[in-house]
Amino acid sequence: MKHFAHEEVGERQPGSSGEQNQSKGGRTDLLLRFFDSEFFNEWIAVQYLYTSKSEGVHDYICNRIYSLPDTGIEMYLSQMITMVCERNKGNTLERCIIDLCARSLRLAIKGHWF
């Protein structure tokens, strides 16, 4: 089992702009590999939606949420709706929640409660 530790991401000190761009690309690759790994779950998705400022990350996570089970999404539905209402996390998350509610009556009812 491989963990994505700080030494993989942050120990290199780039000396030139080319190395810096390569380092950023490496971080992106690690993040994409993590999002596609078996360790990615609903909690991690909501955490990254909350903490990330990148629209690209939000788009990718919202697309990835469609493949997660409804029972796991149900636990974090209130947090996702709160992010849409209060933090204006963009139309991607709002569209994702609407699609999830259209797919599951249970999620739609819980979403209506919030």
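On a predicted model such as this, the values are computed, not experimentally measured, just so you know. The analysis underlying the following values was restricted to heavy atoms, covering all of them including side chains, and did not include hydrogens, waters or symmetry mates.
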Please find the pair of heavy atoms, one from V46 and one from M83, that lie closest to each other, and give the distance.
CG1-CE, 3.7 Å
Nearest 0.5 Å, please: how far is CH2 in W43 from OH in Y48?
9.0 Å
Is R106 salt-bridged to D70, cutoff N-O under 4.0 Å?
no
hydrophobic_cluster_shared for M75 and I109, side chain cutoff 4.5 Å:
no
Heavy-atom side-chain proximity of I65 to E42 below 4.5 angstrom:
no
Identify the two heavy atoms, one from F40 and one from A45, that lie closest to each other, and give their separation to 0.1 Å.
CZ-CB, 3.6 Å
Can any side-chain N or O of S67 pair as donor or acceptor with the backbone N or O of R64 at less than 3.5 Å?
yes
Kindly indicate whether the side chain of C62, heavy atoms from C-beta on, has any atom under 4.5 Å from the side chain of L49.
yes
Hydrophobic cluster membership, with links at side-chain heavy-atom distances under 4.5 Å among I/L/V/M/F/W/Y: are Y50 and V84 in one?
yes
Tell me, do I73 and R103 make a side-chain contact under 4.5 Å, heavy atoms counted?
yes
How long is the straight-line distance from CG of D59 back to CZ of R95, given to the nearest 0.5 Å?
13.5 Å
How far does OG of S78 sit from NZ of K110, to the nearest 0.5 angstrom?
9.5 Å
Spatial distance of atom CD1 (I61) from atom SG (C96) [nearest 0.5 Å]:
10.5 Å
Scanning both residues in full, the closest heavy-atom pair of S54 with S52 reads N-OG, 3.2 Å
Mind checking whether S104 and L100 have side chains closer than 4.5 Å, heavy atoms only?
no
Counting N and O atoms only, with roles assigned by atom type, does the side chain of H58 sit under 3.5 Å from a partner on the main chain of T92, one being a donor and the other an acceptor?
no
Treat each ILVMFWY residue as a node, draw an edge where side-chain heavy atoms are under 4.5 Å apart, and state whether I81 and I98 are in one component.
no
Are any of the side-chain heavy atoms of E74 and L77 separated by less than 4.5 Å?
no
